[in-house]
Each structure stands twice: as structure tokens, then as C-alpha cells.
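Here's the structure, in C-alpha cells; my notes come after.
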Amino acid sequence: GLNLQLTLVGRDPTPAMREAAGDDAWVTITGAVDSVLPYLSQPNIIALPITLGSGTRLKILEAFAAGCPVVSTLKGAEGLEITPGTDILVAEADDDFVAAVERLAKDSGLRRGLGAAGYRTVEGLYSWQVAATRIQASLALLKERAAQGTEMYDE
């Protein structure tokens with residue numbers, strides 16, 4: 001069988017999570033941590049079964065930046081320019097999540113491939129350098145339109 005450890009990292013673990021973990025030695029619940037980086041620096045598979053919420057998807061981008069393979073939901077990856085099966089595995093149902101994690105655990109090539117593709121995605125689309133280039137281009141366009149006397153918004 002697979003020799004896996006499960007670490008639940010994050011603030012405010014619920015009583016149901018603690019009860020489900022029980023005294024199992026293979027499950028660790030951290031609660032709040034100062035930094036997630038020590039956890040991302042270990043060989044791992046990041047599972048983010050996000051079904052609610054909105055806003056940025058920093059957890060996925062952090063995992064990509066660390067070269068970690070990620071399994072999440074479509075809701076969890078909402079708004080990110082990702083390609084399911086290439087830089088992330090997408091699962092919705094609990095059984096699909098388990099199957100995706102087991103698949104990654106058994107297939108080192110898939111783990112490495114997803115990790116590398118996720119890293120390329122965050123580097124090419126979400127790095128500070130890319131953001132700065134996009135902001136400079138937007139500011140140049142605003143300056144050009146101002147010089148031409150062009151209104152930004154049609155009314």
C-alpha cells in the first residue's frame with residue numbers, strides 16, 4: 001500500500017476535523033502557522049478541496065511556485081489561467097479527490113510533470129515581473145490616450 005502522511009495546514013481546524021483525525025499517527029493538524037513555506041518545501045501533493053468562497057487563489061499559486069503538484073476543484077481554481085490535466089488535476093467529488101491523490105502518489109512522472117507545469121504557469125502568468133510588465137503597458141496606454149485627448153470611458 002501507499003505510505004502517505006496527511007497534514008492539514010491552516011487556521012481554525014473544526015472539531016469535526018479533529019474528531020475525524022482522532023489519534024491516527026498518519027494525520028497531523030497544524031492549526032495556524034506563521035508560514036506555509038516549510039510545508040511546501042517538502043515532497044508533497046497539495047489537495048485543496050475548495051467549494052466555497054471567492055477572491056484570489058493564492059494557495060494554488062503558492063503551491064505552483066514551490067513546484068508542488070495540485071489537486072483542486074473548479075471553484076478552487078476559479079479565475080486562474082490553468083489547464084486541467086496539464087498543470088493541475090481537478091476533482092469535485094470526495095472519491096475523485098482520493099483517486100487523484102492516489103494517482104499522483106503512485107506516478108512520480110505525473111507528480112514531476114504537474115509540478116513543473118504549475119511552476120511555469122505561475123512564472124509566466126503570475127510573477128511580479130509579469131505583473132510589472134502588464135502595469136507598465138497599461139500606464140503607457142493611459143498616457144497615450146491622455147496625450148491624444150481620448151476619453152477612457154465612453155458615456
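- Atom-to-atom distance recorded for Arg57:CZ and Ser72:OG is 8.0 Å, nearest 0.5 angstrom.
- Atom-to-atom distance recorded for Glu81:CD and Leu125:CG is 5.0 Å, nearest 0.5 angstrom.
- Atom CG of residue Leu6 and atom CG of residue Leu4 lie 9.0 Å apart, to the nearest 0.5 angstrom.
- Around atom CG of Asp95, no more than 12 heavy atoms belonging to other residues, nucleotides or ligands sit under 6.0 Å away.
- The two residues Val71 and Ala91 make their nearest non-hydrogen contact at CG1-CB, 4.1 Å.
- Not counting sequence neighbours, the partners of Thr121 by the side chain to side chain donor-acceptor pair (under 3.5 Å) test are Asp87.
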Which pairs of donor and acceptor atoms, one on a side chain in residues 34-45, lie under 3.5 Å apart (sequence neighbours left out)?
| residue | atom | partner | partner atom | Å |
| --- | --- | --- | --- | --- |
| Ser35 | OG | Leu37 | N | 3.1 |
| Ser41 | OG | Leu37 | O | 3.4 |
| Ser41 | OG | Pro38 | O | 2.9 |
| Gln42 | NE2 | Pro38 | O | 3.3 |
| Asn44 | ND2 | Tyr39 | O | 2.5 |
| Asn44 | ND2 | Gln42 | O | 2.8 |

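- Heavy atoms only, all atoms of each residue included: Ile29 and Arg18 are closest at CD1-CA, 3.8 Å.
- Listed here is the closest heavy atom pair of Pro13 and Gly31: CD-CA, 4.0 Å.
- In this structure, the side chain of Thr73 engages the main chain of Ile50 through a donor-acceptor pair within 3.5 Å.
- In this structure, the side chain of Tyr126 does not engage the main chain of Leu58 through any donor-acceptor pair within 3.5 Å.
- With rounding to the nearest 0.5 Å, the separation of CD1 in Ile60 from SG in Cys68 is 12.5 Å.
- Considering every non-hydrogen atom in both Leu61 and Val122, the closest pair reads O-CG2, 3.8 Å.
- Linking ILVMFWY side-chain heavy atoms closer than 4.5 Å, directly or via other members, places Phe64 and Val9 in a single hydrophobic cluster.
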Side-chain donor-acceptor contacts of residues 97-119 below 3.5 Å, not counting sequence neighbours, with atom names and distances?
| residue | atom | partner | partner atom | Å |
| --- | --- | --- | --- | --- |
| Asp107 | OD1 | Gly109 | N | 3.1 |
| Asp107 | OD1 | Leu110 | N | 3.0 |
| Arg111 | NH1 | Leu104 | O | 2.7 |
| Arg111 | NH1 | Ala105 | O | 2.9 |

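- Distance alone, capped at 3.5 Å, places no donor-acceptor pair between the Thr28 side chain and the Thr7 backbone.
- Salt-bridge check for Glu78 with Lys75: passed, with a basic side-chain N closer than 4.0 Å to an acidic carboxylate O.
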